[in-house]
Every structure is written in structure tokens, then in C-alpha cells.
Amino acid sequence: MCLLVAVNAKYIHTNLAVRYLRELCHLPVKEYSINDRTDRIAADIYRSGEKSVLFSCYIWNIRMVLDVCGILKKADPTIKTVLGGPEVSFDAASLLQREKQVDFVLTGEGESSLPAFLQAQASGDYSAVPGLVYRTGGKIQENPSASEVPMDSLPFPYRMGELRELAGRLIYYETSRGCPFQCGFCLSSATRGVRFLSIERAKREILFFIREGVPLVKLVDRTFNADNRRALEIVEFIKEHSQTTCFHFEVKAETMSDELIRALSEAKPGLFQLEIGVQSTNRDTLLKIKRGADFERITKVVRRLKENGNIHLHLDLIAGLPGESAEQFEQSFNDVFRLHPQNLQLGFLKKLKGARLDASGSEFQDAPPYEVVRSDAMSYAELLHLKDMEDVLEKYYNSGTFQNTLAYLIGTYAPNRPYNFFAGLAGYFRESVTEQSLSRKSLYEVIHCYAKEVLKDGKAADYIIFDYCLHYKDSLSFMADGGLLKERAFAFLKQKENLILIKSINSHL
């Protein structure tokens, strides 16, 4: 036997990999998060009585996993610790040399290697286990790589009734593995080609989620529209059968067919969320990371998808890419912000193991998450400033609770350069806010003070009150008339120019 262990980035996340292995090999599973205490995780695993433990490893949990392995080996040296997953698949031999508390590493796809590993445990002869790296005779042995698994040979990862037990948590699913593109920063660049689940099986399993009443299913397919005809068939199937279950897809906007765009734009509101990785609008930078450079096409697709206001759009940018200076990133930010997605994700370049990233002249953290410290075109100070911007972007824009306030302030003070507004707010935050965690009321107070003290604006308070009343029922103590918020909001709405502006805001956002 072997205990499967997942340590997720957040409690609301679930681990798809261990569920595949559970169903394939009929093994027990324990799931934790990185917010749990290391000693408590180790104690819980130890009390299970299992003598073989396989951990699913990623950049967000590897340090904790290694610490848990250390405790387990000291508690009982006979416990065999096994690591698998993307974080350990590309440097397994050096990891075993460094980390004596780890006994085995399963590289590649575990569905191909774990059954053979479990059989080998009985005899102790691991020479025939594909993808296994282990110690034998005082040396590190690396077995030949495991083969890729045909998608239809995989078991369905969820059990009847399990989804109700996972209520309130994110449900992950996949209909394909691999990616047709070779973006240098992505782990998918380590492999070529795409494998698909048969369309009929995908439909059956999607229908299972719908009938179980799952609120949101996030597909981990690297490019959902790698095959546009197949993607269109799945979208039409969901439109036909789902009333409330929403499906989240990661798509490449430049390659979306007109038929797929039309099908999505005509869907019932709330059925689809689309994540589009723009990453940069700088052509030279995109070419350096082997990514197509067609922001004009992305713009057209996004605008078409936004026309009916029925799809939640999530656009991604990556800071610290090769060759992109702070000034060029500012342009990328402004270009993407003008598309007014519901969520604008500002991420930072990571040098993932196995990715084919050419980032000469850049420096990265030695430890996970291997994030860029300085790039060949951006200093550490500039990246730190973007970190501050990322924070206020999440708090104010991506939260969706300051929509009218932001539209007024940006439209008034930075209509053509929204980057400048968030940069200014980030600087104010860094200099004036000392608390690590702010309450929702404090966030409203901070932007009120910023508008009043820095922008010298007296009208923003009305928009702040209006936004607060849209989302919450209590009062704002920092307002002089905090107990009369609704009355002030109604008075604000009676002004025709305000109604016109709000209508314009909502039509764009």
C-alpha cells in the first residue's frame, strides 16, 4: 500500500493528480494546505500507519513536503518517502543527493509509473519501474522515462458523492494534456503535442459535474481551443445541458475560430469564464519567449467576447520577461487594461524546472518559486514597485467592489495611462499603510484618503459611498455622515450626469 498526499496552495483548492492515482491504484488519500502546520501534517500521516507515502510536489509546497519527509524519517526510518510531480521530475538525481530523507522520485506521469512501483515494493527490485529515480548500492539509479499515458486509459478522478463533500472548493478537470505551443516560460514547452480525451467521454464527465450541481469546474487544459472544432462541440454541449454550472477555460485568443467566439458570446450569462494569457504586448519580448505576437487579434477577440456581457474574462500579464523594460511593461499594462477584463492578473516570471526559457542576463530566486529578482531589462527596485502594484490591483480592481470609484478616478486623472493611477495608489499604500491585512472598510478609507490628500478630489467620496452601498449594508465610520450612506447614495444617483457615467462604466466593464 501507499498513502497519497497532496499539500495544496489554499484550502479551497483540490488536487487532481492524486485523485487519478487513487482511482487507478485504489489507494488512500490525505489532503492538506500550505497553511497547515508541518508538524501536524507529519503527525497525521504517521498515525495513518502507512509505511509508504507519495507526495504530489509543486513549487508552492516542495519545502514543506521535504520538511514533512524529514520528520517522518526521524520518527520511523522504515517509512518510505516517495516524491512525484513537476517540481521533482526534472532534477530528481540531484534532489536525492541533497535530500537524504527522500527515498524515491517518480518522474513524468505517475499513472504510467505508480502501478509498477507498487508491484516492485514487494520484491524490492525497482529496476523495471519506468521513470523511477532511487538509491541502490550507494549510487543514484535513473530508470528510463515513463511513457505518456493515453487519455482514455485514465480513470475518472471523482467518485459518486465526493463532489458534495467538496462543496465550496474548486473542482479541477482536464480534457487534454500538452500544448501545441512552445512558450519558453511554460512547463508545457518541455513536451510536444496534445493528447485529447475522446469527445464522447468528455461529454459524459461534463454532464456528471452538471448533474451533481458543481458551481464551477476549472479545466487545467493548457489550451482549451487547441482544436477549435472540438472546443466548439464541448461549448455547445455545455450550453445545451448546463443551467448553473460554470466552466473555466484557458484559451489562446489569437487562434479562436469565429464559430467558437460566436458560440461563447451567445451563451447564457454565467456559464463560461475565459482566461487569456496576453503576457506582454511587446513584440520583441514575445518573440524571445517563442510566443505569437498578435495583440491586434487578441483585442478584436476580447471585444467580441465582451459585447453581450455574458462571459467573465481574465487576462494575464507577466512582469520580468526577457527584454521588456519597465517603460515597455507600462505600455503592456495600459494596452491590456483598456480591454477592461473583469480580472487583470499581474504575475511575475518564474524559471520553472523543465521550461525552455532563455533568460540570459536575468537573475532568479534559488528556492521555490524561482521568481525573477531582476531581469535583463528591469531592476529589482522596478520589480518591487510592480509587486506593490499587483497588491493594489488585486484589492481594488480584481475584487470588483470599487468599479465605479476606479472608473471615475482613472477616467478623470489617468484616462490614457491607467498604469499611472495604480502606480500612484501603490506608492501611497506603501508609504501610508502599515497594517499587513486591511478590513474591507479600511480599503475604502485608504482610497478615500488617496483621492482627498493626493488627487485633491472632493467628488470621489460619492462614488466610494455608492460602491460601498452596492456591496454592503453597514456604515462607513470614517465618513462624517457615515450613518446616512444610503441617503447620500440616492442623492448621488438623482444627478443625471452621474447616471450617464455609471451607465457608461457598466457597459464597458
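The basis for the numbers below is simple: all heavy atoms, side chains too, and nothing from hydrogens, waters or symmetry mates.
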Undergrad: Can you find a side-chain donor-acceptor pair between His248 and Gln273 that sits under 3.5 Å?
TA: yes
Undergrad: Please walk me through it: do Tyr158 and Phe208 pass ring-ring contact (aromatic ring centres under 6.0 Å, His included)?
TA: CA-CA 10 Å; Tyr158 296 97; Phe208 176 81; 7.9 Å; no
Undergrad: Restricting to non-hydrogen atoms, name the atom on Leu386 and the atom on Ala319 that form the minimum distance, rounded to 0.1 Å.
TA: CD1-CB, 3.7 Å
Undergrad: Looking at Lys290, I want to see if its NZ is surrounded by more than 12 non-hydrogen atoms of other residues, nucleotides or ligands under 6.0 Å.
TA: no
Undergrad: Short question: side chain of Asp152, backbone of Ser198 - any donor-acceptor pair under 3.5 Å?
TA: yes
Undergrad: Could you tell me whether Tyr46 atom OH has more than 12 heavy atoms of other residues or ligands within 6.0 Å of it?
TA: no
Undergrad: Any side-chain heavy atom of Val373 within less than 4.5 Å of one from Leu383?
TA: no
Undergrad: Taking all non-hydrogen atoms of both residues into account, name the closest pair between Leu24 and Pro155 and its distance.
TA: N-CG, 3.8 Å
Undergrad: Locate the shortest heavy-atom distance separating Thr223 from Cys179; write the atom from each residue and the value.
TA: OG1-SG, 3.3 Å
Undergrad: Report yes if the side chains of Ile234 and Phe247 come closer than 4.5 Å at any heavy-atom pair, otherwise no.
TA: no
Undergrad: Regarding Ser280 and Asn282, is there a side-chain donor-to-acceptor distance under 3.5 Å anywhere?
TA: no
Undergrad: For the residue pair Val29 and Asn15, establish whether any side-chain heavy-atom pair is separated by less than 4.5 Å.
TA: no
Undergrad: Think Arg230 forms a cation-pi with Phe196, using NZ or CZ under 6.0 Å from the six-ring centre and within 45 degrees of its axis?
TA: no
Undergrad: Compare all side-chain heavy atoms of Glu233 with those of Lys203 and state whether any distance is below 4.5 angstrom.
TA: yes
Undergrad: In terms of ring plane angle, is the pair Phe209 and Phe156 parallel, tilted or perpendicular, where the classes change at 30° and 60°?
TA: tilted
Undergrad: Look at the side chain of Asp103 and the backbone N and O of Thr81, then say whether any donor-acceptor pair between them is shorter than 3.5 Å.
TA: yes
Undergrad: For Ser265 and Leu305, indicate whether the former's side chain and the latter's backbone hold a donor-acceptor pair under 3.5 Å.
TA: no
Undergrad: Is the CZ atom of Arg297 crowded by more than 12 outside heavy atoms at less than 6.0 Å?
TA: yes
Undergrad: Can a donor-acceptor pair be found, under 3.5 Å and without considering hydrogens, that links the side chain of Gln342 to the backbone of Leu313?
TA: yes
Undergrad: Should the pair Glu250-Lys218 be classified as a salt bridge under the 4.0 Å nitrogen-to-oxygen rule?
TA: no
Undergrad: Regarding Lys300 and Glu296, does a basic nitrogen lie under 4.0 Å from an acidic carboxylate oxygen?
TA: yes
Undergrad: Hey, are Tyr20 and Glu174 close enough side-chain-wise for a donor-acceptor pair under 3.5 Å?
TA: yes
Undergrad: Could you check whether atom CZ of Arg338 has more than 12 heavy atoms from other residues, nucleotides or ligands sitting under 6.0 Å from it?
TA: yes
Undergrad: For residues Leu317 and Gln279, report the shortest heavy-atom separation together with the two atoms involved.
TA: CD2-O, 3.5 Å
Undergrad: Return the NZ to CD distance between Lys80 and Gln121, rounded to the nearest 0.5 Å.
TA: 9.5 Å
Undergrad: Within the side chain of Lys395, is there an N or O that forms a donor-acceptor pair under 3.5 Å with the backbone of Leu438?
TA: no
Undergrad: Does a side-chain heavy-atom distance below 4.5 Å link Leu207 with Phe237?
TA: yes
Undergrad: Can you measure from CG (Asp44) to CG (Asp36) and round to the nearest 0.5 angstrom?
TA: 9.5 Å
Undergrad: Leu27 versus Leu118: any side-chain heavy-atom pair under 4.5 Å?
TA: yes
Undergrad: Report yes or no: does Ser112 contribute a side-chain atom to a donor-acceptor pair with the main-chain N or O of Glu148 at less than 3.5 Å?
TA: no
Undergrad: Is the Phe422 ring parallel, tilted or perpendicular to the Phe333 ring (thresholds 30°, 60°)?
TA: perpendicular
Undergrad: Do Asp67 and Arg63 meet the salt-bridge criterion of a basic N to acidic O distance under 4.0 Å?
TA: yes
Undergrad: Under the 3.5 angstrom rule, does the side chain of Glu109 hit a backbone N or O of Val149 as a donor-acceptor pair?
TA: yes
Undergrad: Between Thr255 and Asn228, what is the shortest heavy-atom contact and its length?
TA: O-ND2, 2.7 Å
Undergrad: So, taking the atom named CG in Leu344 and the one named CG in Asp316, what distance separates them when rounded to the nearest 0.5 Å?
TA: 8.0 Å
Undergrad: Rounded at 0.5 Å granularity, tell me how far CG in Leu219 sits from OG1 in Thr175.
TA: 5.5 Å
Undergrad: What do the steps show when you test Val235 against Phe249 for side chain to side chain contact (heavy atoms under 4.5 Å, CB included), and what is the final call?
TA: CA-CA 10 Å; Val235 165; Phe249 304 137; 4.1 Å; yes
Undergrad: Between the side chains of Asn8 and Glu31, is a donor N or O closer than 3.5 angstrom to an acceptor N or O?
TA: yes
Undergrad: So does Glu371 pair up with Lys387, basic N to acidic O under 4.0 Å?
TA: yes
Undergrad: Quick one about Ser56 and Tyr58 (side-chain donor to acceptor, distance below 3.5 Å, no hydrogens or angles considered), yes or no?
TA: yes
Undergrad: With distance as the sole criterion, is a donor-acceptor pair present between the side chains of Ser375 and Ser362 under 3.5 Å?
TA: no
Undergrad: Examine distances only and state if a side-chain atom of Arg195 and a backbone atom of Gly178 form a donor-acceptor pair shorter than 3.5 Å.
TA: no
Undergrad: Using a 3.5 Å distance criterion without hydrogens, assess whether the side chain of Arg303 forms a donor-acceptor pair with backbone atoms of Leu339.
TA: no
Undergrad: Under 3.5 Å, is there a donor-acceptor pair between the side chain of Asn143 and the main chain of Pro130?
TA: no
Undergrad: Check whether the side chains of Gln365 and Lys350 place a donor and an acceptor atom closer than 3.5 Å, and report yes or no.
TA: no
Undergrad: Begin with the C-alpha distance, continue with both residues' side-chain angles, and end with the deciding distance and a verdict on side chain to side chain contact (heavy atoms under 4.5 Å, CB included) for Leu216 and Cys246.
TA: CA-CA 5 Å; Leu216 174 65; Cys246 177; 3.8 Å; yes
Undergrad: Check the pair Tyr173 / Leu197 against side chain to side chain contact (heavy atoms under 4.5 Å, CB included), numbers first and verdict last.
TA: CA-CA 11 Å; Tyr173 176 64; Leu197 206 62; 3.4 Å; yes
Undergrad: Check this for me: does any side-chain nitrogen of one of Glu324 and Lys288 sit under 4.0 Å from a carboxylate oxygen of the other?
TA: no
Undergrad: Looking at Leu3 and Pro28, what are the two nearest heavy atoms and their distance?
TA: CD1-O, 3.7 Å
Undergrad: Atom CD1 of Ile238 and atom CD of Gln243: how far apart are they, to the nearest 0.5 Å?
TA: 13.0 Å
Undergrad: Would you say Arg440 has more than 12 foreign heavy atoms packed within less than 6.0 Å of its CZ?
TA: yes
Undergrad: Is the gap between the ring centers of Tyr126 and Phe117 under 6.0 Å?
TA: yes
Undergrad: Does atom CZ of Arg283 have more than 12 heavy-atom neighbours from other groups under 6.0 Å away?
TA: no
Undergrad: Can you tell me if NZ on Lys10 sees more than 12 non-hydrogen neighbours from other groups inside 6.0 Å?
TA: no
Undergrad: Please round to the nearest 0.5 Å and tell me the distance separating atom NZ of Lys239 and atom CG of Leu271.
TA: 9.0 Å
Undergrad: Show, in sequence, the C-alpha distance, side-chain angles and deciding distance for Glu165 and Arg159, and conclude whether the side chain to side chain contact (heavy atoms under 4.5 Å, CB included) test is met.
TA: CA-CA 10 Å; Glu165 298 172 2; Arg159 295 175 176 174; over 6 Å; no
Undergrad: Can you tell whether the side chains of Lys51 and Asp76 come within less than 4.0 Å, N to carboxylate O?
TA: yes
Undergrad: Does Arg98 have more than 12 heavy atoms from other residues, nucleotides or ligands lying within 6.0 Å of its CZ?
TA: yes
